[in-house]
**Q** 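Have a look at this one before I ask anything.
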There are 2 protein chains.
Amino acid sequence: MNAEREAGQIARVRRFNRTVTERVGVLHDHYLGRDRPVGEARLLWEIGDEGRDVRGLRDRLGLDSGYVSRLLRSLEADGLVTVGTAPGDRRVRTVRLTEAGRAERAALDTRSDALAGSLLRPLNPAQRARLVTAMAEVERLLTAATVVLDTLDPGHPDAVHCLRAYAAELGERLDTGFDPARSLLPDPGELRPPHGLFLVARLHGDPVGCAGLKLPPGAPAEVKRMWVAPDVRGLGLARRLLAELESRAARHGSTLLRLDTNKALTAALGLYRAYGFEEVEAFNDEPYAHHWFEKRVAPPGAGPDVSVPAR
Amino acid sequence: MNAEREAGQIARVRRFNRTVTERVGVLHDHYLGRDRPVGEARLLWEIGDEGRDVRGLRDRLGLDSGYVSRLLRSLEADGLVTVGTAPGDRRVRTVRLTEAGRAERAALDTRSDALAGSLLRPLNPAQRARLVTAMAEVERLLTAATVVLDTLDPGHPDAVHCLRAYAAELGERLDTGFDPARSLLPDPGELRPPHGLFLVARLHGDPVGCAGLKLPPGAPAEVKRMWVAPDVRGLGLARRLLAELESRAARHGSTLLRLDTNKALTAALGLYRAYGFEEVEAFNDEPYAHHWFEKRVAPPGAGPDVSVPAR
DNA sequence: ATGGTTCTCTGACTAAAGTCAGAGAATGAA
DNA sequence: TTCATTCTCTGACTTTAGTCAGAGAACCAT
């Protein structure tokens, strides 16, 4: 049945991979590193205008510490970067571009533009427009597919980051403001096993969304603290978080999922309805809530596959 | 004016390049060559089930002859390929996969599927469908952009290939059959400077289309022998060939472009009309023609930019 | 048959990319 | 203070990837 469709999709993706790595990937690298090893060029690019600490570079590019060190030494010898110790922690070193480094980066930039231009030039205006649109779509969806969901302790720095952002956003959007201490979940620690769980979504290691699940014994599971960072909205991440929570709730044995929300959060209201939640009478006295929803939980294994992508 | 739009498009393409090389390109290579150097893996892949001659491999992958030889030696030592001399020409060597080589290739295949799957898995069905559609579009258009147009002598093997394919196709599609000797251009050598020119379109070095231009002194320029290979139709190549011919005619000083065609070639008829040709009275007595068209030539520089993409 | 060409291979290199095992300084927790 | 940990760096390697200059066999046109 749909194994066949899936095989077709996989074949398409593979053809895409081949075409694109041939036409874009190889060119990309060799355009980039015309008079400089690709490794150095990538590093130069990744340092950015702001500067960056060495650890960050290693993580981002996935390189060995000794290797990065050597690359930096080489860039330093060419006068393209300066390496100094970070203000807070004197073990950590930060790299910044020099004037010459900026110029070199600008040259890479120009080449990157030339590559992009060479892809567009043979096409007529209508084709260009279509290519650009399709590229934007692919990019958006690949980005969506790159987001990974992890169960984290609510005290983990990434979890804290999300919870702060959640509170800050509610504070702005609700006419009443928002004070977590006054809400029904003053302590997110309640979202810790065995009383619940807390999901964090990350993109390239940066936290970009979260959702908590309360699992009170003998009572319906409850969605709490769902948030998605503004710059990754529209990627279907909220839906994915909900689906993941639902499947966790199902595995836990819950048969009903509930949540409450504020009338100001119109996008969330729409999502809950579209996802299959139905509005019900108030089941708690959360001071910030105007709407209460519930949804029967699909039995385990029936949910969409949202496992972590390989990397 | 549209410099601004172009800058926007270039920026989009660059973002795409970055996302895709990060997410697809790097993975692609390192998935592929997990326990084998990428170079060898690529070679193994490129040999294919049918076997291939060494020269073909070199061309396709753009590698040094010595390098390929060494890679083959290594694959041979691992028992993955056998190298023998080609039947026709004993200088040429052909490579075929052994049983073990096929198995290794199948393993690469599986990994490639796994990579594709890892891109799709985090997405919901609607997103998967959209991603696959957008990928197909990008791939099509990148393929279109990869086609290069060259002016070739009509006697060049690639030109001959196209002219033969042209004649064979007409022979099939016209109720009357087609005999080049009976047509008004029995000798394609007339499409040679200074009396004309002959364009060949190539994709990865293989000829996939052609178009000739007659430039009779003091008379309108005339399009002849336009053909596009079946498997690259729908990429806008015919239109691109027409545009290139028009701009060559303009540079030559022609102000009118003409052509004749057969009623069986419905796609061509549609293209000519869409491109701005208007049907006129017969201007010659070509036995295979049912329709005659002409179009005023845009002055030099006004045509779309169809210069050769970088590679 | 002869001379120029084509095709593949070998030997002798080089540069890039990356790995691994410490060493030494700074930090944080007990 | 002490001990484990974190972070960066150096030295000593290896593997990939690729280049270049011929050599030798086979082919092709004259």
Side-chain angles (χ1 to χ4, degrees), chain A residues 21 25-47 51-78 81-96 155 157, chain B residues 21 25-47 51-78 81-96 155 157:
Chain A
T21 48
V26 181
L27 279 180
H28 182 73
D29 280 2
H30 284 97
Y31 257 80
L32 216 73
R34 195 128 53 176
D35 27 51
R36 176 168 306 286
V38 178
E40 287 183 18
R42 283 208 296 158
L43 207 55
L44 210 49
W45 181 270
E46 210 60 56
I47 289 167
R52 194 149 192 166
D53 51 26
V54 173
R55 176 178 36 171
L57 286 175
R58 261 206 321 266
D59 286 357
R60 191 86 175 79
L61 296 172
L63 300 174
D64 175 85
S65 120
Y67 185 32
V68 169
S69 179
R70 225 173 299 275
L71 288 174
L72 286 175
R73 234 38 68 225
S74 159
L75 291 175
E76 218 175 3
D78 291 355
V81 304
T82 54
V83 182
T85 62
D89 182 338
R90 293 204 327 276
R91 290 170 304 182
V92 181
R93 313 258 283 155
T94 41
V95 195
R96 341 192 123 267
Chain B
T21 49
V26 181
L27 279 182
H28 181 74
D29 280 3
H30 284 98
Y31 256 81
L32 218 72
R34 195 131 51 173
D35 27 50
R36 177 167 306 287
V38 180
E40 288 183 17
R42 283 208 295 158
L43 208 55
L44 211 47
W45 181 269
E46 210 61 55
I47 289 167
R52 195 149 188 166
D53 51 26
V54 174
R55 176 178 35 172
L57 286 176
R58 262 205 321 266
D59 287 357
R60 190 82 177 80
L61 296 172
L63 300 175
D64 175 83
S65 119
Y67 185 32
V68 168
S69 178
R70 224 173 299 274
L71 288 174
L72 286 176
R73 234 36 68 226
S74 157
L75 290 175
E76 221 175 2
D78 290 356
V81 304
T82 53
V83 183
T85 61
D89 182 337
R90 291 201 330 273
R91 290 170 302 182
V92 181
R93 312 259 282 155
T94 41
V95 196
R96 339 192 125 265

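As a basis for the values below, the full set of heavy atoms in this structure was taken, side chains included, without hydrogen atoms, waters or symmetry mates. Letters A, B, ... mirror the listed sequences (proteins, then strands); counts begin at 1.
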**Q** To the nearest angstrom, how far is B/Arg52 atom CZ from C/dT8 atom P?
**A**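 Those two atoms, CZ and P, are 13 Å apart.
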**Q** Among A/Val68, A/Val81, A/Leu75, A/Asp53, exactly one meets side chain to side chain contact (heavy atoms under 4.5 Å, CB included) together with A/Val95. Which residue is that?
**A**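 It is A/Val81; the other options fail the test.
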**Q** Nearest to the A/Pro37 side chain among D/dT8, C/dC9, C/dA17, which nucleotide is it?
**A**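 The closest nucleotide is C/dA17.
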**Q** Would you mind reading off the distance between B/Leu63 atom CG and D/dT16 atom P, rounded to a whole angstrom?
**A**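 Computing the B/Leu63:CG to D/dT16:P distance gives 16 Å.
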**Q** Assuming nearest nucleotide by heavy-atom distance, tell me which of A/Glu40 and B/Val92 is located more 5' along DNA chain C.
**A**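 Whichever sits nearer the 5' end wins; that is B/Val92.
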**Q** What distance do B/Thr82 atom OG1 and B/Arg93 atom CZ have between them, rounded to the nearest 0.5 Å?
**A**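 That separation rounds to 10.0 Å.
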**Q** Please report, rounded to the nearest Å, how far the P atom of C/dA17 is from the CZ atom of A/Arg36.
**A**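 Between P of C/dA17 and CZ of A/Arg36: 12 Å.
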**Q** Mind checking the CZ-OG1 spacing from A/Arg55 to A/Thr94? Nearest 0.5 Å is all I need.
**A**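 Those atoms lie 11.5 Å apart.
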**Q** Round to a whole Å and report the spacing from CZ of A/Arg73 to P of D/dT8.
**A**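 Result: 11 Å.
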**Q** Between B/Arg52 and B/Ile47, what is the shortest heavy-atom contact and its length?
**A**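 Smallest interatomic distance, heavy atoms only, reads CB-O, 3.8 Å.
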**Q** Starting from the C-alpha separation in whole Å, work towards a yes-or-no answer on side-chain contact (heavy atoms from CB on, under 4.5 Å) for A/Arg58 and A/Val54.
**A** CA-CA 6 Å; A/Arg58 261 206 321 266; A/Val54 173; 4.1 Å; yes
**Q** Taking CD from A/Glu76 and C1' from D/dT10, how many angstroms apart are they, rounded to a whole number?
**A**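 Those two atoms, CD and C1', are 14 Å apart.
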**Q** Could you go through nucleotides 20-30 of chain C and list every protein N or O atom that sits under 3.5 Å from one of its N or O atoms, giving the distance for each pair?
**A**
residue, atom, partner, partner atom, Å
C/dT27, OP1, A/Arg90, N, 3.0

**Q** If we fit an axis to the first five pairs and another to the last five of the helix from C/dA1-D/dT30 to C/dA30-D/dT1, what angle do they make, to the nearest 10°?
**A**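 For the helix from C/dA1-D/dT30 to C/dA30-D/dT1, the axes at either end differ by 30°.
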**Q** Can you tell me how far P of D/dC27 sits from CZ of B/Arg55, to the nearest Å?
**A**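 Result: 13 Å.
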**Q** Between CZ of B/Arg42 and CG of B/Leu61, what distance do you get to the nearest 0.5 Å?
**A**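 Taking CZ in B/Arg42 and CG in B/Leu61, the distance rounds to 5.0 Å.
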**Q** Roughly how far apart are A/Glu40 CD and A/Leu72 CG, rounded to 0.5 Å?
**A**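 Result: 9.5 Å between the selected atoms.
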**Q** Taking only side-chain nitrogens and oxygens of B/Arg93, does any of them come within less than 4.0 Å of OP1 or OP2 of C/dC7?
**A**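 Looking at the OP1 and OP2 atoms of C/dC7, neither is under 4.0 Å from any side-chain N or O of B/Arg93.
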**Q** When you match A/Gly39 and B/Thr94 each to their closest nucleotide on DNA chain C, which lands nearer the 5' end?
**A**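 The residue closer to the strand's 5' end, by nearest nucleotide, is B/Thr94.
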**Q** What is the separation between atom CG on B/Leu57 and atom P on C/dC7, rounded to the nearest whole Å?
**A**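 My rounded result for the distance is 14 Å.
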**Q** Rounded to the Å, how far apart are A/Arg58 CZ and C/dG18 C1'?
**A**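 From A/Arg58 CZ to C/dG18 C1': 15 Å.
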**Q** Measure the CG-CZ distance between B/Leu63 and B/Arg70 for me, rounded to the nearest 0.5 Å.
**A**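 Rounded to the nearest 0.5 Å, the CG-CZ separation comes to 12.5 Å.
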**Q** Consider the side chain of B/Arg42, meaning its heavy atoms from C-beta on, and name the nucleotide among D/dG18, C/dC9, D/dC9 that approaches it most closely.
**A**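 Nearest to the side-chain atoms of B/Arg42, counting from C-beta on, is D/dG18.
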